[in-house]
Structures are given as C-alpha cells and as structure tokens.
Amino acid sequence: MAVTYSIIAPIYNEIDNIPEFYRRVKEVMESTGKNWELLLIDDGSTDGSTDKIRELAAQDNRVRPVIFARNFGHQIAVTAGLDYSRGEAMVIIDADLQDPPEVILELAEKWHAGFEVVYAVRTEREGESWLKLWTASLFYRLIYRITDVKIPLDTGDFRLLDRKVVDVMNTMRERHRFLRGMAAWVGFKQIGVEYKRVARQAGETKYPFKKMILLALNAVTSFSYFPLQMATYFGFLAAGIAIIAIPVVIIMRLTGSQAFIGQATTLISVLLLGGVQLISLGVLGEYIGRLYDEAKGRPLYILREAPDKE
Ligand code: UDP
Ligand code: MG
C-alpha cells in the first residue's frame with residue numbers, strides 16, 4: 001500500500017492529548033481520500049503515553065509507534081519519525097494540538113501546487129506567557145540575522161516536507177539538530193502558510209527555559225561561525241584602542257595630566273579583557289564539544305520498539 005501522507009508527531013508525556021489528537025488527525029486525513037500513516041514517536045514518556053500509543057496502534061494499523069529507550073529530545077524524536085516515514089509528503093506536527101491538524105489541508109494544497117517545503121507561520125500565539133513569546137520572537141530574529149541560511153521568521157517545526165527533501169535530510173546525521181535550519185538549507189521550492197497557534201489542549205510545555213536555550217545554541221552553532229568571529233572582532237577593537245591609547249597617555253604624562261593613574265583603571269581593564277577571553281574560550285568550547293560529540297559517532301537515538309516495516 002503506497003502511503004501519500006506521513007504525519008509525524010513527537011510525544012513526551014502527552015497522555016491527555018493523544019486520544020483527541022488522534023481523532024482530529026484521523027478526521028482531517030480521511031477527508032483527503034488518500035492513504036496516510038501516523039508516526040507517533042514516544043520520546044521516553046513516563047506518564048503512560050507509551051501504552052496509549054501501543055493501544056492506538058493495535059486498533060488502527062495506520063498508527064505506527066516508534067518508541068525510544070529514553071528521552072532524546074524533540075528534534076531527535078522528529079528525526080526518527082522522518083527516518084521511518086514512507087509517505088510522499090511528511091507533515092511534522094506537535095501532539096499537544098497547538099498546531100491545528102486542519103491546517104494540514106492547507107499545507108497539502110501548496111504541496112499539490114508544486115512546493116516541496118511548506119512551512120506554517122505563526123501569526124498569533126495563544127495561551128503562552130509573555131516571556132515565552134518575547135524570547136521566541138527574539139530567538140527567531142537573532143537566528144535570522146547571524147546564520148547563513150535564511151530560516152523563515154516565526155516558524156516552528158510544523159510543516160510539510162516532500163519526499164525529495166526528507167531523503168536529503170535523512171542523510172544529514174548531525175547530532176545537534178535544528179530541523180528548521182536543515183530544511184531551509186536543503187533548498188527546493190519553499191513557501192509559508194499562515195496559521196494561528198492555539199493554546200495547549202492539556203498538560204504543560206515540555207520546553208522549559210533550559211531546553212529553549214539549548215535549541216537556540218544548536219541553531220546558532222549549526223548554521224553560523226559568528227560567535228567564533230566575535231573574538232576576532234573584539235581582539236581587533238581592544239588592540240586598536242591600545243595602539244591609540246599609548247601615544248595619548250605618553251603625551252598626557254609629559255604634559256603633567258593625572259588621568260589614568262591608579263589601580264582602578266588597571267583592574268577594570270584587566271577584568272574586562274579577562275572576562276572577554278573567558279567568554280571566547282567558552283564559545284570555542286561550545287563548538288569543540290559539539291565536534292567531540294560528532295566524532296564519537298554514537299547513534300542519534302536508541303529504540304525500544306521500532307515500527308513494523310510493512
Ligand atoms: N516533545 C518531545 N520531547 C521533548 C520535549 C517535547 O517529544 O523532550 C514533544 C511534545 O510532546 C510536543 C512537542 O514535542 O508534542 C512540542 O513540545 P511542547 O508543546 O512542550 O513545546 P512548546 O509548544 O511549548 O514550544
Ligand atoms: Mg506545544
């Protein structure tokens with residue numbers, strides 16, 4: 001049976017969302033009249049979501065469970081979904097119903113019109129704290145400015161990807177993944193569709209501040225050398241200031257000026273430069289740590305249960 005649509009939903013402790021999510025996806029996908037499959041990736045849930053997923057798979061053979069041995073994180077869970085997908089078009093969607101499954105039809109329409117990446121742009125966000133909104137907005141704009149690929153603004157992972165795109169992405173086995181960036185980097189014909197992101201149906205966000213920072217770091221380090229270059233810029237700036245300061249201070253001394261005498265000036269400049277050096281070392285460390293992770297070449301995820309091949 002050839003599958004047209006593969007719906008990919010990562011799940012981490014979403015027990016109260018799964019039944020409704022499945023119901024709505026099923027309703028929407030049945031209206032297309034095409035064959036579809038729903039890949040539910042259990043990312044090490046501890047709340048019984050795993051059994052719920054198995055239950056659904058037992059009732060409906062279009063539901064294919066991918067069950068992780070532990071929590072590997074959202075981006076890796078989606079990656080596993082892409083690995084096991086068999087469709088001609090893959091749709092990445094959150095299981096908490098923040099991305100309305102009905103929007104899939106609009107994404108599919110653009111796909112039929114010949115676009116290979118159709119990403120969903122959030123025009124409005126409901127039920128999220130101002131801190132989340134503000135940090136998210138800042139994050140998208142920062143990434144846009146400093147990375148080399150033009151990653152669309154206000155766009156999450158909710159999107160449709162053509163088989164051609166997924167085949168390329170599946171060969172990109174980098175460990176610290178930022179899928180939105182990877183999808184933009186690949187190229188092909190891309191277009192956005194606007195939608196309103198609603199509040200979570202149940203439960204709480206699984207993206208605490210720490211995970212958001214990590215995602216942002218992965219995004220920046222995967223697609224830009226800017227943080228590394230910062231050290232060079234600052235080095236030139238400090239050296240420039242010193243070169244100008246030398247004659248200036250000599251002249252001031254010769255003319256009897258008392259400015260820049262004393263420990264405070266020395267201490268401040270030593271601390272400033274020391275701080276900048278340590279930060280630069282830390283930035284270097286971020287890149288080297290990621291290099292080390294890549295060098296180890298461990299698998300991206302470990303499965304407890306893989307879906308049936310057929
Ligand atoms: N998720 C996951 N692994 C994680 C964190 C989240 O699979 O480590 C899933 C989660 O179950 C949800 C989706 O990723 O289906 C998006 O997460 P969440 O809704 O918590 O993020 P937010 O919408 O708050 O940014
Ligand atoms: Mg959510």
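No experiment lies behind these values; they were computed from the predicted model shown. When a ligand or atom number is given, it counts from 1 through the structure's own listing order.
- Protein residues having a heavy atom under 4.0 Å from any atom of ligand 1 are Pro10, Ile11, Tyr12, Glu14, Asp43, Asn71, Gly73, His74, Asp94, Ala95, Asp96, Gln98, Lys132, Arg197, Arg200, Thr205, Lys206, Tyr207, Lys211, listed by chain and number.
- Between Tyr233 and Phe226, the ring planes lie tilted relative to each other; the angle falls in the 30° to 60° range.
- Within the protein, the number of N/O/S atoms found under 2.8 Å from the Mg ion (ligand 2) is 2.
- A donor atom on one side chain and an acceptor atom on the other are not found under 3.5 Å apart for Thr123 and Glu194.
- In this pair, Tyr301 and Tyr84 present their aromatic rings tilted. The plane angle is within the 30 to 60° band.
- Of the N and O atoms on the side chains of His74 and Tyr207, at least one donor lies less than 3.5 Å from an acceptor on the other residue.
- Thr79 and Arg173 form no side-chain donor-acceptor contact under 3.5 Å, judged by distance and modelled atom types alone.
- For the 3.5 Å distance criterion, the side chains of Arg145 and Tyr140 fail to qualify, holding no donor opposite an acceptor.
- To the nearest 0.5 Å, the span separating CZ on Phe68 from CG on Asp42 amounts to 9.0 Å.
- In summary, the side chains of Asn71 and Asp43 do present a donor paired with an acceptor at a separation below 3.5 Å, with no hydrogens or angles considered.
- No side-chain donor from either of Gln201 and Asp96 sits under 3.5 Å from a side-chain acceptor of the other.
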